[in-house]
Amino acid sequence: MPAAVRSRVRGTVLDLAPVFGFTLTFAVTHRLAVALTLALTAGVGVFVRRVVRRESVRRALGVLGFVCVQGALAARTGDATDFFLPQLLLHCAMAVASPVLILLGWPPLGVLAGVFTGEGTAWRRCAVRRRAFARGSLVLFAGKVLMLSVQIPLYLSGQAVALGSVDVFGPLVVGLGALLGWRVHRRALGTHRCPAARPARAGTHADPAPRPRETTVAATAVTEGTAAGATPAAASAPQATATQATTADCTVMERTVR
């Protein structure tokens, strides 16, 4: 497992500490004040740890602020299930936004892959990869809908402990959905390779080298053409045509990407 992925998994586990502490404490004591105190303490502890380790302060503040909002809402209503209401609303917003992002050409799976791999948004330059990521994102969308189909009835019935347990295992469900979505993406991508999606380094040309299969076909065409008496320039025409076809199939207009 790459170091970046391990770091993000470890960060996700830490972010779940307040929710896990609240759920476990409320399940044992059935006292909202005690559960809120432990949840806020866990949130402050995660914040301090991130600051000491010089990790992202913005993310630490975001997690701590979110926990404070959850605690304030539950303390005001006196209902433990309201502690999970902000998270539930966030899941609903993500479920609504997913198909919209897919239609706009920003499939969530592609965005996640760009963040985890450091590729950024270079994958959007390839129409084939965008379509493959869109298919994989449908799996993520199905996972969100499945989560909501469990969370909403639990919230409406006031089952705080069960709702907290689902929230704790939520990242695991999302991770499994991302893995399945990635497999769908890879299957939809097939053997396609898009050199245009890899940005050229400084001081180098952006024109990518042809794929091995294209090189073999082009070399065969050149050999046959030369044997037939054609000039090398005329015989190499299929190679240029194949490269142009690949580039046209992979890339889109810059104004479309933007």
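- Between atom OH of residue Tyr155 and atom CG of residue Leu89 there is a gap of 7.5 Å, rounded to the nearest 0.5 Å.
- Considering only heavy atoms from C-beta on, Cys92 comes within 4.5 Å of Leu148 through its side chain.
- When the shell of 6.0 Å around CZ of Phe20 is examined, it contains 12 or fewer heavy atoms from other residues, nucleotides or ligands.
- For the atom pair CE (Met147) and CZ (Phe169), the distance works out to 11.0 Å, reported to the nearest 0.5 Å.
- Cluster annotation: Val174 and Leu112 are assigned to distinct hydrophobic clusters (Ile/Leu/Val/Met/Phe/Trp/Tyr, side-chain heavy-atom contacts under 4.5 Å, transitive).
- A single hydrophobic cluster is not seen to contain both Val46 and Phe66; linkage of ILVMFWY side chains at heavy-atom distances under 4.5 Å, directly or through other members, places them apart.
- Nearest heavy atom pair, residue Ser157 against residue Leu154, reads OG-O, 3.1 Å.
- Rounded to the nearest 0.5 Å, atoms CG (Leu64) and CG (Asp15) are 11.0 Å apart.
- Taking the six-membered ring where tryptophan is involved, the planes of Phe83 and Phe22 are essentially parallel, since the angle between them stays under 30° and well short of 60°.
- In this structure the side chain of Leu140 never reaches within 4.5 angstrom of the side chain of Ser98, judged on heavy atoms.
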Fill in: Pair Leu172-Leu176, side chain to side chain contact (heavy atoms under 4.5 Å, CB included): steps then yes or no
CA-CA 6 Å; Leu172 181 61; Leu176 180 60; 5.8 Å; no
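- Around the CZ atom of Arg187, the shell of radius 6.0 Å holds no more than 12 heavy atoms that belong to other residues, nucleotides or ligands.
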Worksheet item: Are Gln151 and Asp167 close enough, and set up right, to give a side chain to side chain donor-acceptor pair (under 3.5 Å), and what steps lead you there?
Response: CA-CA 8 Å; Gln151 290 175 312; Asp167 260 10; 2.7 Å; yes
Worksheet item: Are Arg135 and His185 close enough, and set up right, to give a side chain to side chain contact (heavy atoms under 4.5 Å, CB included), and what steps lead you there?
Response: CA-CA 6 Å; Arg135 294 183 182 181; His185 155 262; over 6 Å; no
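- With rounding to the nearest 0.5 angstrom, the CZ atom of Arg186 is 10.0 Å from the OG1 atom of Thr191.
- By the neighbour-count criterion of 12 heavy atoms within 6.0 Å, atom CZ of Arg183 is sparsely surrounded, having that number or fewer from other residues, nucleotides or ligands.
- The closest side-chain heavy-atom distance from Leu40 to Pro18 is not below 4.5 Å.
- Between Trp182 and Phe133, the closest side-chain pair of non-hydrogen atoms falls below 4.5 Å.
- Arg31 places no side-chain N or O within 3.5 Å of a backbone atom of Phe26 that could act as its donor or acceptor partner.
- Atom NZ of Lys144 and atom OG of Ser149 lie 13.5 Å apart (nearest 0.5 Å).
- In the hydrophobic clustering of ILVMFWY residues, with side-chain heavy atoms under 4.5 Å counting as a link, Leu179 and Phe141 come out apart.
- Within the 4.5 Å cutoff, the side chain of Leu85 has no heavy atoms near those of the Gln70 side chain.
- Of the residues Val19, Leu24, Leu163, the one that meets the side chain to side chain contact (heavy atoms under 4.5 Å, CB included) test with Val168 is Val19.
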Practice prompt. Would you please test Thr23 and Phe84 for side chain to side chain contact (heavy atoms under 4.5 Å, CB included) and show each step?
Written response: CA-CA 10 Å; Thr23 303; Phe84 306 101; 3.7 Å; yes
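- A donor-acceptor contact closer than 3.5 angstrom links the side chains of Thr81 and Asp79.
- Note on Val145: it does not cluster hydrophobically with Val150, by side-chain heavy-atom contacts below 4.5 Å among ILVMFWY residues.
- For the pair Arg130 and Trp123, the cation-pi criterion (under 6.0 Å, within 45° of the ring axis) is not fulfilled.
- Judged by distance alone, the side chain of Ser137 and the main-chain N or O of Leu109 form a donor-acceptor pair under 3.5 Å.
- Between Ile102 and Pro108, the shortest heavy-atom contact is CG1-CD, 3.9 Å.
- For the atom pair Arg53 CZ and Leu14 CG, the distance stands at 8.5 Å (nearest 0.5 Å).
- The pair Arg76-Asp82 does not count as a salt bridge, with every side-chain nitrogen at least 4.0 angstrom from each carboxylate oxygen.
- One finds a salt bridge joining Arg129 and Glu119 here, because a Lys/Arg side-chain nitrogen approaches an Asp/Glu carboxylate oxygen to under 4.0 Å.
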Worksheet entry | Stepwise side chain to side chain contact (heavy atoms under 4.5 Å, CB included) check, Phe47 with Leu61 | CA-CA 7 Å; Phe47 173 78; Leu61 286 174; 3.4 Å; yes
